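Within every chain, numbering begins at 1; the chains are lettered A, B, ... in the order of the sequence lines, protein sequences first and strands thereafter. Everything numeric in this text was worked out from a predicted model, so none of it was measured.
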Number of protein chains: 2
Amino acid sequence: MNKKQLSSQQTKQKIAEAARTLFGQKGYASTSIEDIVSATQISKGNIYYHFKNKEGLFLYLLEEWTREWAEQFQSKKERYRTVKEKLIALVEHFVEDGFHHPLTRATNEFYATELITSPNQDKIEEMMQLYLRNYEELLDEGMQSGEFKQDDAHLLSIILEGMLAGIEFSTNQLELDEALRLYRKAIHVFLYGIAVY
Amino acid sequence: MNKKQLSSQQTKQKIAEAARTLFGQKGYASTSIEDIVSATQISKGNIYYHFKNKEGLFLYLLEEWTREWAEQFQSKKERYRTVKEKLIALVEHFVEDGFHHPLTRATNEFYATELITSPNQDKIEEMMQLYLRNYEELLDEGMQSGEFKQDDAHLLSIILEGMLAGIEFSTNQLELDEALRLYRKAIHVFLYGIAVY
DNA sequence: TTTATTTTAGAATGAACGTTCAGTATATAA
DNA sequence: TTATATACTGAACGTTCATTCTAAAATAAA
């Protein structure tokens, strides 16, 4: 990569960073390309040089985020022994580190609005599935090991994912420690609910 | 109410009905006032005669919905004996009758986008609280009666509400019976999670 | 019948915004 | 040095859309 390509990559990342922050602060629809221009001093044309359009820019951020999430998920998983511990650690990690992730709220909005029109439905759907598959795997593991009752792991993964995502919704006004308390309680209720006694 | 007032009320309801359907089908932002004009043959000016603006129209629908919800919640509550039964019945009822309520998705979108800018935050917040209070009351009742472990009912109400709302999200593609199965499983996991053994 | 009030119509307004495009600068390669 | 592909600029475009405004129609009141 020569000097030019390098600085080009840097501007692309600068755009991405500012966009992530702005989408997080103002939501998807309310963030204009002009806002990103103001925040970065990078011209509109340049933004469109690096990204197909607004939707493409957002999708780029989503994919970046999903990739990171998956990596962290894996490394967390390996650090704990029982599935219970793993799940608790995962929840704590993603509350601490990601609960106010810039994109969580904007993603809801994006998903709610763009799902109907976007030709990128598949891409979004795929990302959703990634989260579910990871949870499902863990739950399966817990059933194999005898930690959890035999049950429909797929269904439970939707419930878990739904629960975590849904709580996030009520979480906007909460401080980190309050949020942490809420999520801990939630995962414990869930674990009690599926545990073998 | 004379003839004129009556027909005026009728047009107002006609607008509300069409808006509810359209917001449900296309989401909040993607539904234009023009769409409502096309669907109803009622003029723009007339719509603005009956409603302050688009946001006001949507809020009107939300309030209508919340009112109905609260009524049905009450009447359901009285028909069952234990809190467990009440909660299960409630979930089933609102899945069957409301899970594809026209406004569920649009409300998510509206909430996600308008929360930041809208001066109606309070109104929305208030509606949210109504749901929570109702759940909290029930949970409290269950703790009093010894059905549930002593715990923080407020926290649990947020978790329950979050879980139900969050699952809805994954539910768009599901058939009613699949959705019902999912929600039943969810409420059972939750109940097991908080029950006294 | 006349006057006042409420209700309806729809063209006009104006701002917001995503996207395009013609052109310019810059670094790399020849 | 020159040619070329890459990176970048920002004004202009076109469209969408909520909202406003003027006027007309319909009904109620006097």
Side-chain angles (χ1 to χ4, degrees), chain A residues 1-20 22-23 25-62 106 109-110 113-114 116-120, chain B residues 1-20 22-23 25-62 106 109-110 113-114 116-120:
Chain A
M1 182 142 46
N2 61 36
K3 204 167 70 178
K4 198 176 182 182
Q5 290 171 319
L6 193 92
S7 96
S8 176
Q9 279 306 307
Q10 280 169 352
T11 59
K12 184 171 183 179
Q13 281 315 303
K14 205 171 154 194
I15 294 165
E17 242 173 78
R20 189 164 38 233
L22 284 166
F23 283 140
Q25 284 169 353
K26 315 183 35 168
Y28 177 72
S30 303
T31 298
S32 66
I33 303 296
E34 192 59 41
D35 287 335
I36 302 174
V37 170
S38 302
T40 55
Q41 311 282 21
I42 291 167
S43 71
K44 269 191 191 182
N46 204 359
I47 293 174
Y48 278 88
Y49 176 76
H50 286 290
F51 300 96
K52 186 164 178 291
N53 51 28
K54 191 182 176 183
E55 190 174 324
L57 169 53
F58 190 79
L59 246 32
Y60 175 86
L61 298 176
L62 268 194
E109 181 198 346
F110 183 79
T113 50
E114 307 299 307
I116 305 122
T117 50
S118 161
N120 287 308
Chain B
M1 184 142 46
N2 60 35
K3 204 166 74 178
K4 200 176 182 184
Q5 290 171 319
L6 194 92
S7 96
S8 177
Q9 278 307 307
Q10 279 169 354
T11 60
K12 183 171 185 180
Q13 280 316 302
K14 206 170 155 194
I15 295 166
E17 243 173 76
R20 187 162 40 232
L22 285 166
F23 283 140
Q25 284 170 353
K26 316 182 37 170
Y28 176 72
S30 304
T31 298
S32 65
I33 302 295
E34 190 58 41
D35 287 336
I36 302 173
V37 171
S38 301
T40 55
Q41 312 282 20
I42 290 167
S43 70
K44 272 191 190 181
N46 205 355
I47 294 173
Y48 277 89
Y49 175 77
H50 285 289
F51 300 97
K52 183 163 179 290
N53 51 27
K54 193 182 175 183
E55 191 174 323
L57 169 54
F58 190 78
L59 246 32
Y60 175 85
L61 297 176
L62 269 194
E109 180 199 346
F110 182 80
T113 50
E114 307 298 309
I116 304 125
T117 50
S118 161
N120 287 308

Query raised in the report: Rounded to the Å, how far apart are Lys14(A) NZ and dA7(D) C1'?
Result: 14 Å

Query - Any side-chain donor near an acceptor of the partner, Ser38(B) and Asp35(B), under 3.5 Å - result: no

Query - Stepwise side chain to side chain contact (heavy atoms under 4.5 Å, CB included) test for His50(A) and Tyr60(A) - result: CA-CA 11 Å; His50(A) 286 290; Tyr60(A) 175 86; over 6 Å; no

Query raised in the report: Rounded to whole angstroms, how far apart are NZ on Lys54(B) and P on dT16(D)?
Result: 14 Å

Query raised in the report: In whole angstrom, what separates Leu6(A)'s CG from dA27(C)'s C1'?
Result: 13 Å

Query raised in the report: So, is Ser8(A) near the phosphate of dC8(D), with a side-chain N or O under 4.0 Å from OP1 or OP2?
Result: yes

Query raised in the report: Given atom CD1 of Ile47(A) and atom P of dC17(C), what is their separation to the nearest angstrom?
Result: 14 Å

Query raised in the report: Nearest 0.5 Å, what's the CG-CZ distance between Asn46(B) and Phe51(B)?
Result: 10.0 Å

Query raised in the report: What integer distance in Å separates Met1(B):CE from dT27(D):C1'?
Result: 15 Å

**Report entry** Phosphate-side-chain proximity, Tyr49(B) and dT8(C), N/O vs OP1/OP2 below 4.0 Å
**Finding:** no

Report summary line: Winner on side-chain proximity to Lys3(A), out of dT28(C), dT19(C), dC17(D), is dT28(C)

Query raised in the report: With a cut-off of 6.0 Å (strictly less than), are more than 12 heavy atoms of other residues, nucleotides or ligands near NZ of Lys12(B)?
Result: yes

Query raised in the report: Counting only distance, no hydrogens or angles, is the base of dT6(C) paired donor-acceptor with the side chain of Lys4(B) under 3.5 Å?
Result: yes

Report task. In whole angstrom, give the distance that lies between atom OH of Tyr48(A) and atom P of dG18(C). Result -> 6 Å

Query raised in the report: dT20(D) base to Lys44(B) side chain: any donor-acceptor pair below 3.5 Å?
Result: no

Query - Between C1' of dG18(C) and CD1 of Ile36(A), the distance in whole Å - result: 11 Å

Query raised in the report: Less than 4.5 Å apart, any side-chain heavy atom of Glu17(B) and any of Lys14(B)?
Result: no

Query - Stem segments of DNA chain C by first residue number [Watson-Crick or G-U, under 3.5 Å, at least 3] - result: C:1-30 with D:1-30

Query raised in the report: Does a side-chain N or O from Thr11(A) land closer than 4.0 Å to OP1 or OP2 of dC8(D), or not?
Result: yes

Query raised in the report: Toward the 5' end of DNA chain D, which comes first, Asn2(B) or Gly45(A), by nearest nucleotide?
Result: Gly45(A)

Query raised in the report: Between dT6(C) atom C1' and Gln9(B) atom CD, what is the distance in whole Å?
Result: 13 Å

Query raised in the report: Do Lys54(B) and Leu57(B) have side chains that get closer than 4.5 Å, going by heavy atoms?
Result: no

Report task. Ignoring backbone atoms, establish whether Asn46(A) has a side-chain N or O less than 4.0 Å from OP1 or OP2 of dT9(D). Result -> yes

